[in-house]
Structures are given as structure tokens and as C-alpha cells.
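Scroll down for the structure; my scribbles are underneath it.
When a ligand or atom number is given, it counts from 1 through the structure's own listing order. Everything numeric here is computed off the predicted structure, so don't read it as measured data.
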Amino acid sequence: MADTNPRRALITGISGQDGYYLTKFLQTRGYEVFGVIPCRSPGIGEAGDRLYYADLSDGSNLGQIMDRSKPHEVYNLGAQSHVRLSFDLPVYTADVTGVGTLRMLVAIHEYQQRSGQQVRFYQASSSEMFGKVVETPQTERTPFYPRSPYACAKVFAYWQTINYRESYDMFAVNGILFNHESPRRGEAFVTRKISKAVARIKLGLQARLSLGNIDALRDWGFAGDFVEAMWLMLQQEIPEDFVIATGKVHSVRDFLDVAFDHVELDWNDFVETDETLFRPAEVDVLCGDATKARESLGWQPKVSFEELARMMVDHDLELARREL
Ligand code: F7E
């Protein structure tokens, strides 16, 4: 008999920014959401019924997690996702971000064979794969030129996903997401590092902000908008890959302008350059063309760059006030 409601989703990386927004999004649609958390997750003594400890660098219990959660959809958001850090931890990043995806694909494929159930797989691919871009804007057809161990690992994972789709007729897709931020963004990423510093500087809790390359240009969107696209990709009849982006480019300087303006300060008075924050190889500019997503998924971003920066600063002002 066909397995019907409720829909069940399994999310790796559920404790990260995208895991948070995707869980909320799926729950409002009636999904039962299961998650994979790394053993270093803070504050979780024993994982609950729907949370499982696992590490993408160790596939030994992924099959068991599939058997227990019996998901209709798997969202692979888990990764070592910090680009600068991937230069210091290249092999670890390749293992977790690259081979970890393959471990998930193997576990899903074996589960499908064991249970006879179909599983739809979403792979969190990244605009970093375009790296030293060969054309602008970047589309689903733009060749990759990865510029970091992280980006190389994501290219590996991208092709494994396509190979499982083509070899085993699996519904497996890549969402090639450009930078997406929110108040839940990790503090080591540049937007959140800035919004947190702006709030703390405004309240007298911090004096300076050290940054690397502030001329870098990115296509920044809101994570809450982007997770909807992940879900839409898994609701299509045919599995296909999509670029998800705003199509608008801003520099780190632009983010500094909007964030510091919001609290009526001039960033030039507070920002200093730290050479150690530069990357051995930089991705200078990324700009995505999400026409295919707009036309096929009916997806488009809602939150603007300026709204995003102000939302993040407002959130961090709230947090900083608690430090007073
Ligand atoms: O850097 C420059 C830095 O670390 C953005 C990840 O989610 O998006 C993210 O990767 C830019 C870079 O993000 C600092 O050099 C200057 O040019 O916020 P980020 P990212 O490297 O673009 C993609 C799509 C992913 O897939 C990744 O997982 O900002 N920058 N000064 C700085 N960056 C950081 N982190 N810290 C600085 O102090």
C-alpha cells in the first residue's frame, strides 16, 4: 500500500542556519522533520526522538538513521562550510563536504533497495563552485572553476549527486545556492561578523572590527527565502538542478555601509584590515541568474539586500543589549 501522510523529511546540518529555516518551513507544511546533528552540537545531551547523532565523515549509522526516520525527502545541508577554514582543513573538508555527500547517497540508495520506498534527495551545492568565474552571470550551464578545498569538495558532491540520478534513476537534485544570510548566520561569515560588531560597537561593547578583503562582491539573499526553493525542487516531476540567487551584486563595503548607517555610524572609524583574513585564493565576484528557478519553480527572492542587513543588525542589537 502506498505510504501517505505525514510527509517525513530528514535534514543533515539541521543545527545550522539553513536547517533552522528549512525545519520551520517544512513544519508549517505538516512535515515530520528528522535531523542529523554532529556529536559536538552544544546543549543537546541526548538527541531527541527525531534527532540523530551522526557525522558525515563516518557513514556507519546513516543506514540505520534512514531505517528509523523513513524519510520521503532528504536535505543534505551538513558540511564544513567555511571557505577560509577549508584552506587550513582541506582533507577534513573534502571528507565531510565531499565524501560525506557520497556516504548519504550510498545510504539512501541502499535504503531504497531494502525498503522499496522512493526517497527524494536535495544536495546543497554552492555558488563557490563557479569560483574564478568563466562567465557572468552564472547559470546552470556555467562551467565550474573552484578556488578552495571547500569548492572542490562541493564540485565532487555535485557530480556524485548527478551520477546517482543517472545511474540509479534516483530523484536527486543540486540546488546551486548563492550566498544566503540571516540573523541565524554563523558568526564567522562576513555578514554576521559585521552585524554583530555593528551592534556591539553601537552599545560600547566593542571598539574595532577586523576584516579581510572588503572589495569582494557577492550575490547575497535571505536564507528564509532560499530554503523554499530547496523544497520546491523536490516537488517537481523531473529531477533537475537549479541556480538560486538574487541576481544583484554587492561588495562587503556595501554591507558595511548599510549596516553602520542603520545605527548612524561611519564604518571607516571602526574597521581595520587583517591580512590573515585574506584567502590564499579569493573568489572576487559572484552573480547568479535564477531565471530557470523563476520560470520552472515560480521562485523569487522577497527580502532585499538592504532589508537583510538591517534585519541582521536589529537582531544583533537585541542580543548585544543582553550583554549590558
Ligand atoms: O565571505 C570576504 C571573504 O565567509 C564572503 C559560505 O556559506 O557562501 C559562503 O561563502 C566574502 C569573501 O562567505 C572577511 O574573503 C572579508 O570574499 O561570508 P563569507 P563565502 O566565502 O562567500 C557560499 C555560497 C558557500 O557555499 C559557503 O559555504 O567576504 N571577507 N573579510 C570575509 N569573510 C569572512 N568570513 N570573514 C572576514 O573577516
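Counting the atoms of ligand 1 from 1 in the order shown, those under 4.0 Å from a heavy atom of Ser126 are 23 (C), 24 (C), 25 (C), 26 (O). Within the listing of ligand 1, atoms 38 (O) sit less than 4.0 angstrom from a heavy atom of Leu277. Each of the atoms 2 (C), 16 (C), 30 (N), 31 (N) of ligand 1 lies under 4.0 Å from some heavy atom of Asn213. Listed by number with element, the atoms of ligand 1 under 4.0 angstrom from any heavy atom of Val83 are 10 (O), 21 (O). Residue Lys193 has at least one heavy-atom neighbour below 4.0 Å for each of these atoms of ligand 1: 37 (C), 38 (O). Near Gly212, meaning under 4.0 Å from one of its heavy atoms, ligand 1 places the atoms 14 (C), 16 (C), 31 (N), 38 (O). Remark: ligand 1 atoms within the under-4.0 Å shell around heavy atoms of Ala216 are 17 (O). Within ligand 1, counting atoms from 1 as listed, the ones closer than 4.0 Å to a heavy atom of Val252 are 29 (O).
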Could you walk me through whether Tyr122 and Trp231 pass ring-ring contact (aromatic ring centres under 6.0 Å, His included), step by step?
CA-CA 8 Å; Tyr122 171 85; Trp231 176 76; over 10 Å; no
In sequence, state the C-alpha distance, the side-chain angles, and the governing distance for Ser126 and Tyr150, and then conclude on side-chain contact (heavy atoms from CB on, under 4.5 Å).
CA-CA 10 Å; Ser126 166; Tyr150 168 79; 3.7 Å; yes
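For the atom pair CG of Leu105 and CD of Gln123, the computed distance is 7.5 Å after rounding to the nearest 0.5 Å.
A salt bridge links Lys302 to Glu228: one of the charged nitrogens lies within less than 4.0 Å of a carboxylate oxygen. Between Asp316 and Arg192 there is a salt bridge, since at least one side-chain N of the basic residue sits less than 4.0 Å from a carboxylate O of the acidic one. Under a 4.0 Å N-O distance rule, the pair Lys196/Glu187 qualifies as a salt bridge.
Applying the salt bridge (charged side-chain N to carboxylate O under 4.0 Å, His left out) test between Glu282 and each of Arg218, Arg147, Lys132 identifies Arg218 as the sole match.
Between Phe226 and Tyr21, the ring center distance fails the sub-6.0 Å criterion.
Of all the listed residues (Ile176, Val190, Thr97, Asn179), Val190 holds the heavy atom that lies closest to atom 34 (C) of ligand 1. Looking at Arg185, His82, Glu128, His180 and measuring to atom 7 (O) of ligand 1, the nearest heavy atom belongs to Arg185.
Here the heavy atom of the protein found nearest to atom 15 (O) of ligand 1 is Glu282 OE2, 2.6 Å. Looking at atom 19 (P) of ligand 1, its nearest protein heavy atom turns out to be Arg279 NH2, 3.7 Å. Residue, atom and distance of the protein heavy atom nearest to atom 28 (O) of ligand 1 are Ser81 O, 2.6 Å.
Checked against a 3.5 angstrom limit, the closest N/O atoms of Arg218 and ligand 1 fall inside it. In terms of N/O distances under 3.5 Å, ligand 1 is not approached by Ser127. Below 3.5 Å of separation, one finds no N or O of Phe178 facing any N or O of ligand 1.
Between Phe305 and His250, the ring planes lie parallel to each other; the angle is under 30°, not in the 30° to 60° tilted range.
Residues that satisfy the side chain to side chain donor-acceptor pair (under 3.5 Å) test with Glu128, not counting sequence neighbours, are absent from this structure.
For the pair Lys154 and ligand 1, no heavy-atom separation below 4.0 Å is found. The shortest separation from a heavy atom of Tyr150 to ligand 1 is under 4.0 Å, placing the residue in contact.
Proximity of Val33 to Ile14: side-chain heavy atoms (C-beta onward) are separated by under 4.5 Å at one or more points.
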